[in-house]
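Read through the structure below, which is laid out as structure tokens, and then see the notes.
Letters A, B, ... are given to chains in the order of the sequence lines, protein chains preceding strands, and every chain is numbered from 1. These values consider heavy atoms only, across backbone and side chains, with no hydrogens, waters or symmetry-generated copies.
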Amino acid sequence: MAPAFSTEGEARLKKLLGRYPDRRAALIPVLHLASREFGFLSREVMEYVAGRLGLPEAYVLTTATFYTMLPKRPLGRFHVQVCVNVACHLRGADGIVEHLERRLGIGPGEMTEDRTFSLEGVQCLAACGTAPAMQVNDDYYEDLTLAKVDEILDALRSSAGGAA
Amino acid sequence: MSLPPTVANAAPGRGHLLRLAPGESVVTLDRHLALGGFSAVRKALVMGPQAVADEVRRANLRGRGGAGFPAGVKWGFLPKDSPKPRYLVINADEGEPGTFKDRYFLERDPFPMLEGMIVSAYAIGAKTAYLYVRGEFVKPIAMLERAVEQLHRGGYLGKSVLGSSFGLDIHVHPGAGAYVCGEESALLESLEGKPGRPRNKPPFPAVVGLFGCPTIINNVETMACVRLIADVGAERFVAMGLPKDGGPKIYGLSGHVKRPGLYEAPMGTPLRKLVYDFGGGTIDDRPIKGIIPGGSSTPVLGSEHLDVAMDFDSVKAAGSMLGTGAVTVFTEGTCAVRLLTRLAAFYAHESCGQCTPCRDGTGWMERVVSAIEEGRGRPGDCDLLLSIANQIMGNTICALGDAAAMPVIAFVERYRAEFEEHVARGGCPFEGGHGHGHGHGHEGGNP
Ligand SMILES: Cc1cc2nc3c(=O)[nH]c(=O)nc-3n(C[C@H](O)[C@H](O)[C@H](O)COP(=O)(O)O)c2cc1C
């Protein structure tokens, strides 16, 4: 099925376009919107965005591929991004990563078979005063301990409605 | 479940910038008004744009984004006679590892920053302002959009700000996870919908900036300071800091301190006071091994620097930089090589790839540092690292290259014996270090 924005998505698109004197400037916010609506930026989605903004496909591709936060592959329902930078490293991030790997049975850059979780080691999340920290979808989790990670994973799993 | 950042005030009572104590919730518009909100905008509208700009110049406010450039001087670079619109762009990319101060405003107390944006836009003659927020801050971005809408409805933004002839729109713009976009010209490229590749300068953004128009780019905390200046005047602002480096500063403490968090104190507060009085000293009172004073790119200092005053000039005189005032402390028992692997990996990942010395050099440094940590180091690697770093320094379009090179130079110089020991014993001497690999010579010979 060809991608198409939802009604809400259309309203958001209109709002975004009103913010800039040049519609190219709306591209990154619109790509965020598209990854939210369609899960990730497949080639087809990028073509759709190019069409909607009246921009060359190459322009959209060039921008989309530059930014790590714009997903070019499917992610788990819960995308776990754990900080491995300095402040978190000093407060035990390595142990958190190992624990996540063990609990989820996947390594960084991978997704569980049931597509519930994907894992990524990321750079500084600006949570250094509350390190170690991770981000799951839109939410930050800070001052992590192994026990806290377990609680978070359990809560996420039960909110997904399945025992995995 | 997301926790608020730890916030504490140096002085009893509310700080000038940090108004919230740890448990307190987000400041709403009503609450901001009850705390005297928009007094700065009202005062500015009476003073007139030129007088506001003069006040900011007299306040000796140095930009809080890292470089410490005087805000008033930067504003003065705008061309006087250009027919083009002017833009104000606020840098809320908060990407420098160790730094978590702007998040306080973005997540919990946005109105002082937004008020500072109104005052600044008025002073420089901008009718449109963009707030470029790092993309990871999804929820703060949604909250900021609502805050801006509230200001529109309340008559603080729009065609007529508080009934005056001055009109302003503010738009919140999300980034997408690239550290380099914190560099001001890369930020403009990104805001225009392009990859975040820094521009050659000159022309500087004040002359040719966003959409080719004169543009002022300032940091979030700088905006909160502008609000304070418009509210209390330049003299009082200067008195809150140093004569040539005015105002209060938000310092961040992270790493091996007992009480990490944000602390507001006068610009020029000694490092010792930050680490021991505010931070409560080190975990288990272990001796300090290193202090990164202002974000990951600033050269590491040692305990002999504890009496250095934390202002732009003093930290520079001590051989490092105040940067963002984000202090990361680590104690004895920490492997310096392993710590540097994190920094080297970061810069290698974040290089935009535009300039060869940075693109190739950051990856090369990462491989050499990792090889040393993993026991594959070779004699001469320390000099190799210094040589790569020195060939990056000053040879790139933007300062990301320098930012990547400086910590490598500082770590190798300060902890050279430890690097050599890794090489000599073929592994990491620290317990828990991963120093078992042997054999494979690393890829350090060629970029
Ligand atoms: C690689 C790099 C990353 C930067 N990241 C940030 C950032 O995240 N936030 C910020 O305010 N300034 C950052 N800066 C500094 C900006 O280029 C610019 O100096 C600053 O936003 C100007 O604001 P100020 O004068 O108010 O400090 C960065 C600079 C470089 C070279």
What part of [X] gets closer than 4.5 Å to chain A, counting heavy atoms only: side chain, backbone, both or neither?
X	result
B:F346	both
B:Y130	side chain
B:V327	neither

Looking only at non-hydrogen atoms, find the nearest pair between [X] and [Y] and report the distance.
X	Y	answer
B:F137	A:A126	CZ-CB, 3.8 Å
A:R36	B:V138	NH2-CG1, 3.5 Å
A:D138	B:K139	O-CG, 4.0 Å
B:G196	A:F66	N-CE2, 3.1 Å

Max heavy-atom pairs within cutoff under 4.5 Å with chain B, candidates A:T63, A:L27, A:L31, A:V136, goes to A:T63
Please look at A:Y67 and chain B and tell me whether the side chain, the backbone, both or neither of the residue comes under 4.5 angstrom of a heavy atom of that chain.
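Both parts, backbone and side chain.
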Can you tell which part of A:A131 gets under 4.5 Å to a heavy atom of chain B, answering side chain, backbone, both or neither?
neither
Would you mind checking if B:E145 and A:R19 are paired as a salt bridge, meaning a charged N to carboxylate O distance below 4.0 Å?
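Salt bridge present between A:R19 and B:E145.
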Quick one: which of [options] has the most heavy-atom pairs under 4.5 Å with chain A, could you say?
options	value
B:K194, B:E96, B:K101	B:K194
B:C181, B:G353, B:S254	B:S254
B:L339, B:L343, B:T99	B:L339
B:G252, B:S190, B:A345	B:S190
B:T328, B:L253, B:D102, B:L191	B:L191
B:P195, B:G177, B:C352	B:P195

Find out whether [X] and [Y] are in side-chain contact, i.e. whether some heavy atom of one side chain is under 4.5 Å from a heavy atom of the other.
X	Y	result
B:Y132	A:I28	no
A:M69	B:P174	no
A:H32	B:I141	no
B:E136	A:L125	yes

Could you tell me whether [X] atom [atom1] has more than 12 heavy atoms of other residues or ligands within 6.0 Å of it?
X	atom1	result
B:E332	CD	yes
A:R115	CZ	no
A:H79	NE2	yes

Roughly how far, to the nearest 0.5 Å, is [atom2] of [Y] from [atom1] of [X]?
X	Y	atom1	atom2	value
B:H256	A:L90	NE2	CG	4.5 Å
B:R103	A:Y140	CZ	OH	5.5 Å
B:R338	A:H89	CZ	NE2	5.5 Å

Walk me through it: do A:C124 and B:F100 pass the test side-chain contact (heavy atoms from CB on, under 4.5 Å)?
CA-CA 9 Å; A:C124 190; B:F100 52 101; over 6 Å; no
Please work out which of the three classes, parallel, tilted or perpendicular, describes the rings of A:Y20 and B:H173, given edges at 30° and 60°.
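Because their plane-to-plane angle is over 60°, the rings of B:H173 and A:Y20 count as perpendicular.
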